[in-house]
Number of protein chains: 2
Amino acid sequence: MSSKVLPQPERDEIRVEAVLQALGEPVRLTIVRALADNPAGVCCGDIELPVTASTRAHHLKTLREAGVLSTHTDGTRRISVLRREDLEALYPGLLTGILSAKQ
Amino acid sequence: MSSKVLPQPERDEIRVEAVLQALGEPVRLTIVRALADNPAGVCCGDIELPVTASTRAHHLKTLREAGVLSTHTDGTRRISVLRREDLEALYPGLLTGILSAKQ
DNA sequence: ATCGTAGTACGATGATGATCGAACTAGTGA
DNA sequence: TCACTAGTTCGATCATCATCGTACTACGAT
């Protein structure tokens with residue numbers, strides 16, 4: 001058992017400005033859309049992005065610290081999952097609204 | 001009749017990244033909340049903000065160009081109105097989700 | 001006309017942040 | 001133990017942007 005959850009804010013610590021700021025960046029929005037398509041979670045590196053690994057890590061950290069996604073380890077992999085329940089509880093409709101945008 | 005509408009994107013020109021980026025700034029979120037409380041529109045200068053007039057103008061321009069609000073002149077005043085219909089049509093649930101956040 | 005008020009435009013500045021390469025950590029497997 | 005892989009962290013750099021003061025425009029009233 002080598003799985004562990006990376007630090008993230010509790011539901012009541014999530015601030016809407018942080019969430020919106022996190023989502024208002026094209027690369028991060030791409031990540032969120034990929035997570036939305038895969039409820040079981042996605043391995044970070046499997047999302048195709050026009051940035052290097054370190055930039056990718058930076059964006060994932062930003063999203064995690066904003067409370068948008070949760071990351072747990074799986075061996076050397078890191079699996080990220082969208083925090084749908086928490087976001088829906090805090091801001092009902094926000095996620096579906098964003099995801100319904102024809103990109 | 002001296003009323004005229006300031007330039008703004010058509011509904012189909014609104015991009016979700018621009019909207020989210022515009023909303024992800026505390027001062028601008030304050031403006032949006034004030035507009036949401038006043039469906040008839042609000043005179044720009046009547047919203048209490050911790051910034052100068054020029055910064056206020058900058059934020060209002062950002063929100064207008066993102067498609068979040070509409071501004072029309074009324075004499076020397078400028079009245080801003082939230083573009084609820086357009087936003088709801090493009091991103092159903094997004095606005096209500098954001099506004100339901102206990103600030 | 002002149003003045004006052006509401007707001008914008010411009011230029012400068014300082015802060016934030018997106019990006020990268022390089023060095024590092026941790027887990028897997030030979 | 002020794003590589004290999006996945007990912008993070010650090011420091012630097014460059015771009016974006018929030019902020020301000022000042023100068024400007026537009027409208028209304030005297």
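Letters A, B, ... are given to chains in the order of the sequence lines, protein chains preceding strands, and every chain is numbered from 1.
For the pair A:D74 CG and D:dT5 P, the interatomic distance rounds to 18 Å; values are reported in whole Å. Regarding A:I47, its CD1 atom lies at a distance of 15 Å from the P atom of D:dA6, rounded to whole Å. At whole-Å resolution of the value, CG in B:L60 and P in C:dG7 are 9 Å apart. B:R28 has its CZ atom 12 Å from the C1' atom of D:dT19, to the nearest Å. In this structure, A:H72 atom NE2 and C:dG27 atom P are separated by 15 Å, rounded to whole Å. In this structure, A:H59 atom NE2 and D:dG7 atom C1' are separated by 15 Å, rounded to whole Å. As rounded to whole Å, 15 Å separates atom P of C:dG21 from atom NE2 of A:H58. Between the CD atom of A:E25 and the C1' atom of D:dA15 there is a distance of 13 Å, given to the nearest Å.
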Give every pair of a protein N or O atom and an N or O atom of nucleotides 1-6 of chain C that lie under 3.5 Å apart, one pair per line with the distance.
from: C:dA6; atom 1: O4'; to: B:T76; atom 2: OG1; distance (Å): 2.7

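Contact between the side-chain N/O atoms of A:T55 and the OP1/OP2 oxygens of C:dA18 is not found at any separation under 4.0 Å. A sub-4.0 Å separation between OP1 or OP2 of C:dC20 and a side-chain N or O of A:T52 is present.
Considering only residues two or more places apart in sequence or on other chains, A:E48 meets the side chain to side chain contact (heavy atoms under 4.5 Å, CB included) condition with none of them. Applying the side-chain hydrogen bond (donor to acceptor under 3.5 Å, both in side chains) test to B:S100 and every residue at least two apart in sequence or in another chain returns nothing. Residues passing the side-chain hydrogen bond (donor to acceptor under 3.5 Å, both in side chains) test with A:R84: none are found, sequence neighbours excluded. Residues meeting the side-chain hydrogen bond (donor to acceptor under 3.5 Å, both in side chains) test with B:T71, sequence neighbours left out: B:S80. By the salt bridge (Lys or Arg N to Asp or Glu O under 4.0 Å) test, A:R28 pairs with no residue at all, sequence neighbours left out. With sequence neighbours excluded, the residues forming a side-chain hydrogen bond (donor to acceptor under 3.5 Å, both in side chains) with B:Q8 are B:S70, listed by chain and number.
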TODO: Mark up nucleotides 9-16 of chain C, 5' to 3', with B wherever a protein heavy atom is under 4.0 angstrom from a base atom, S wherever such an atom reaches only the sugar-phosphate, and - elsewhere.
DONE: B-------
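Distance CD1/B:I79 to SG/B:C43: 5.0 Å, rounded to 0.5 Å.
In this structure, B:L29 and B:I98 have side chains that are in contact, with non-hydrogen atoms separated by less than 4.5 Å.
Pairs of residues two or more places apart, or lying in two chains, that qualify as salt bridge (Lys or Arg N to Asp or Glu O under 4.0 Å) and include a residue from residues 86-96 of chain B are B:R11-B:D86, B:R83-B:D86.
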